[in-house]
Amino acid sequence: MELPGLAFAVWMFICLCGPLDGYPNGRIREVCSSMMPHHGSSPQLSPEHIITVNGTEFKPGDKIEVNLSGPDFEGFFIQARDAEHLDSPAVGSFILADQRLSQLLTCGHTKVQYSNSAVSHTSKAKKKYVKVYWIAPGNAPKHVQFLATVVKKYKTFWVKIPGAIVSQPNAPSPTTPLHTTSETVSTSHPTSYLTKPFNASGCGNTKFCIRNPSSCDPESASCFFLSFRQEKSSVLIEMSGPGEGYLAFALSHDQWMGGDDAYLCVNEDHQVSVSTAYLKGRSPPVLDSENALEDVSWRLADGVLQCSFRRNIHLTAYKGRFNLDASYYIFLADGEARGLIYKHNRQPLITSGMYNITGLPEDIGGSRSPQLIKAHGALMFVAWITTVSIGVIVARFFKPVWSHSFLFGKEMWFQVHRMLMLTTVMLTSISFVLPFVYRGGWSKQAGFHPYLGCAVMALAIFQPLMAGFRPSPHAPRRQLFNWFHWSTGTTARILAVVTMFLGMDLPALDLPDPWDTYTMIGFVAWHVGIDVLLEIHSYCLIRKVIEDDRIQILQSLTSAEAEGHLFKQIVLAIYICGNIVFLIAFLAAINQI
Ligand SMILES: *[C@@H]1O[C@H](CO)[C@@H](O)[C@H](O)[C@H]1NC(C)=O
Ligand SMILES: *[C@@H]1O[C@H](CO)[C@@H](O)[C@H](O)[C@H]1NC(C)=O
Ligand SMILES: *[C@@H]1O[C@H](CO)[C@@H](O)[C@H](O)[C@H]1NC(C)=O
Ligand SMILES: *[C@@H]1O[C@H](CO)[C@@H](O)[C@H](O)[C@H]1NC(C)=O
């Protein structure tokens with residue numbers, strides 16, 4: 001079973017990870033549309049390379065010799081496109097002349113007509129020219145132009161160098177002038193720029209909005225914002241959020257990944273490109289070479305990435321685009337984009353239900369964290385911040401204080417201790433199963449957290465079992481038991497704190513940074529501080545009693561103890577208040593996610 005968050009995250013990773021460090025082996029399908037290598041620099045103008053062919057006319061099925069030549073170059077990428085629509089997908093297919101120098105690639109959809117629709121290098125070895133053959137397809141446009149991207153050195157490259165044009169016999173002259181110089185060939189970068197941040201004024205009213213955190217202001221750098229506004233037969237989509245990497249949303253029939261319609265705005269070196277992709281199960285999807293999106297605009301300002309585009313409600317001609325007049329779960333994800341190394345850093349947001357974005361406008365929030373994981377975190381916080389800590393303090397310091405009070409036939413401190421500890425074990429056990437239910441098994445992506453969690457769980461089960469078989473108070477082995485009981489408990493608590501530290505920053509929960517770390521450090525300091533205070537107090541009491549020994553043992557013992565009791569009870573009350581403040585802070589943070 002594929003699970004929602006994980007799967008989407010994994011997809012984000014696989015699909016966008018792609019080749020590292022440019023494409024030394026030439027497998028560059030992701031750039032089918034833009035023909036732009038992700039080498040972290042801008043393309044050169046004035047190309048030095050030329051593309052020649054051995055004829056000017058072609059008929060379907062003809063074989064045309066294509067020769068790319070010029071000064072020594074390392075990489076190349078050749079496509080043939082409709083000369084009148086250079087942004088349209090590649091046409092025809094190629095045959096290699098030299099398999100050592102070149103390889104065939106499939107661009108865009110895996111439809112037959114697109115296979116082998118591009119050629120690229122096989123290695124960075126320097127070459128002066130490459131020869132390939134182009135086979136004209138049956139449904140070729142009237143005029144076909146060859147385009148090439150050439151990489152001379154890693155940072156020195158030309159994109160979409162316009163090459164020779166071949167035409168069908170008797171084709172009418174083109175209706176628009178054809179592009180023969182580099183400057184006139186548009187890359188897929190949008191031409192329009194937004195001038196101000198999006199606003200939420202029409203949300204729930206004239207447009208359907210998703211905001212994370214709920215009701216945040218899209219102008220702020222920490223707000224993820226997605227809106228859909230229907231205008232006749234098209235929908236205007238606006239998406240913005242913290243802008244270092246990419247933002248993406250997907251329409252899905254279920255809360256699991258696979259078969260989803262995805263839209264991505266990627267910040268590529270201060271240029272934003274907008275693409276679509278169809279997500280097929282777990283196989284790494286390829287960004288579509290043509291994206292059916294209109295009026296694409298973007299803006300990068302004040303740490304916010306904004307992009308907007310329009311698409312028709314029905315896009316039947318494009319495989320993988322869903323109709324917008326139906327209900328879907330909506331995913332919203334973000335991550336880093338460096339070259340092609342995109343890595344999601346947070347759990348994607350998934351709407352809790354299915355929404356019809358062209359229906360009644362709504363203004364919804366969403367959670368980035370699955371309910372089961374939130375419950376897991378909340379229960380663990382209750383158990384290992386509150387119940388266990390109070391239970392330990394009671395056993396350690398309140399034996400003498402409550403030794404004469406009884407509850408259900410046992411000493412009060414013992415009853416309180418046992419009740420709190422069993423509550424801890426119970427909460428831990430319930431909470432422990434939840435991530436397994438959510439993941440459907442072991443989570444491989446959670447680092448040390450699950451291993452430490454299992455250790456804590458084992459100790460938490462072992463501790464009451466051992467306590468059940470404790471020797472009687474005056475048995476000789478009682479000291480040994482006390483020592484074991486204390487060290488097992490202490491180990492469990494230390495491990496639990498470490499596990500919580502690791503768990504709070506995992507993508508599935510990810511409490512706000514660095515707030516969570518400081519708050520957890522604050523809690524540990526608070527707990528240790530109170531513990532030390534009570535230890536010092538106990539030590540002083542004993543000293544006092546011993547000093548007063550010779551004078552009046554009985555009297556001093558009672559008065560010192562009475563004094564000590566009051567102090568301890570006040571400290572306990574203060575401790576519990578502080579402890580609950582920390583607990584509430586963490587629970588509120590979980591609720592906010
Ligand atoms: C171009 O070269 C191909 C392959 O060598 C050949 O089949 C074709 O006839 C040539 N076309 C012209 C116009 O010479
Ligand atoms: C390709 O063009 C270059 C430069 O014009 C030329 O030297 C080379 O021989 C050509 N190769 C083929 C196979 O036509
Ligand atoms: C909100 O944005 C829309 C365009 O997206 C604009 O027409 C409108 O004036 C803006 N409203 C405010 C209050 O800025
Ligand atoms: C979504 O809303 C549109 C417009 O109101 C409506 O035509 C369509 O039937 C709705 N779809 C569903 C699945 O409710």
Side-chain angles (χ1 to χ4, degrees), residues 50-69 76 78-80 83 91-104 116-119 128-138 140-148 163-171 202-210 226-238 249-255 259-261 263 310-316 320-331 350-364 366:
I50 53 165
I51 310 165
T52 55
V53 290
N54 71 339
T56 52
E57 286 197 346
F58 72 92
K59 294 187 296 299
D62 272 2
K63 190 173 173 188
I64 301 226
E65 196 180 295
V66 182
N67 182 2
L68 167 69
S69 60
F76 65 90
I78 304 175
Q79 280 182 16
V91 296
S93 56
F94 288 91
I95 298 181
L96 301 180
D98 185 345
Q99 308 221 346
R100 285 168 307 146
L101 285 182
S102 48
Q103 64 183 332
L104 297 168
N116 302 337
S117 55
V119 191
K128 284 191 175 358
Y129 69 89
V130 282
K131 187 170 83 168
V132 292
Y133 300 107
W134 180 72
I135 308 297
K142 297 277 178 283
H143 308 274
V144 170
Q145 183 163 28
F146 295 92
L147 297 179
I165 297 174
V166 290
S167 306
Q168 302 219 35
N170 309 321
C203 283
N205 204 355
T206 58
K207 58 186 181 187
F208 184 102
C209 298
I210 300 176
L226 174 64
S227 77
F228 302 89
R229 189 212 310 269
Q230 187 182 354
E231 289 165 359
K232 300 206 184 79
S233 64
S234 71
V235 173
L236 176 71
I237 298 163
E238 295 176 334
F249 79 90
L251 305 174
S252 177
H253 294 293
D254 49 37
Q255 287 183 291
D260 305 333
D261 177 12
Y263 300 78
R310 181 186 303 282
R311 57 150 282 188
N312 279 335
I313 293 177
H314 299 271
L315 282 175
T316 41
R321 299 285 79 74
F322 294 176
N323 290 336
L324 295 182
D325 56 357
S327 295
Y328 303 103
Y329 288 100
I330 302 163
F331 291 63
I350 305 165
T351 54
S352 55
M354 295 177 90
Y355 290 93
N356 180 355
I357 55 175
T358 53
L360 218 54
E362 292 192 55
D363 184 11
I364 57 173

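Count residues from 1 along the sequence. Order of listing sets the numbers, starting from 1, for every ligand and every atom in it.
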Could you pull out all residues at least two apart from P361 that satisfy side chain to side chain contact (heavy atoms under 4.5 Å, CB included)?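 Expected list: none.
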K63: side chain to side chain contact (heavy atoms under 4.5 Å, CB included) partners, not counting sequence neighbours: Y133, I135
Tell me if the centroids of the rings in F249 and F228 come within less than 6.0 Å of each other. yes
Please list, in number order, the atoms of ligand 1 under 4.0 Å from a heavy atom of E65.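 The list of qualifying atoms is 2 (O), 5 (O).
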Is the shortest side-chain heavy-atom distance between R229 and T206 below 4.5 Å?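 Side-chain contact under 4.5 Å: yes.
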Are any non-hydrogen side-chain atoms of D325 and H314 less than 4.5 angstrom apart? yes
Heteroatom distance test (N54, ligand 1): nitrogen or oxygen, under 3.5 angstrom: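 Checking ligand 1 against N54, an N or O pair does fall under 3.5 Å apart.
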Using modelled atom types only, decide if a donor and an acceptor are shared between the side chain of T351 and the backbone of I330 within a distance under 3.5 Å. yes
Please produce the table of protein N or O atoms sitting under 3.5 Å from N or O atoms belonging to ligand 4, one pair a line, distance to 0.1 Å.
{"unit_1": "ligand 4", "atom_1": "2 (O)", "unit_2": "N356", "atom_2": "OD1", "d": "3.4"}
{"unit_1": "ligand 4", "atom_1": "2 (O)", "unit_2": "N356", "atom_2": "ND2", "d": "2.4"}
{"unit_1": "ligand 4", "atom_1": "11 (N)", "unit_2": "D325", "atom_2": "O", "d": "3.0"}
{"unit_1": "ligand 4", "atom_1": "11 (N)", "unit_2": "N356", "atom_2": "ND2", "d": "2.9"}
{"unit_1": "ligand 4", "atom_1": "14 (O)", "unit_2": "N356", "atom_2": "ND2", "d": "3.3"}

Tell me every residue that passes ring pair (Phe, Tyr, Trp, His ring centres under 6.0 Å) with F322, counting only those two or more places apart in sequence or in another chain.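 Applying ring pair (Phe, Tyr, Trp, His ring centres under 6.0 Å) to F322 gives H253, Y328.
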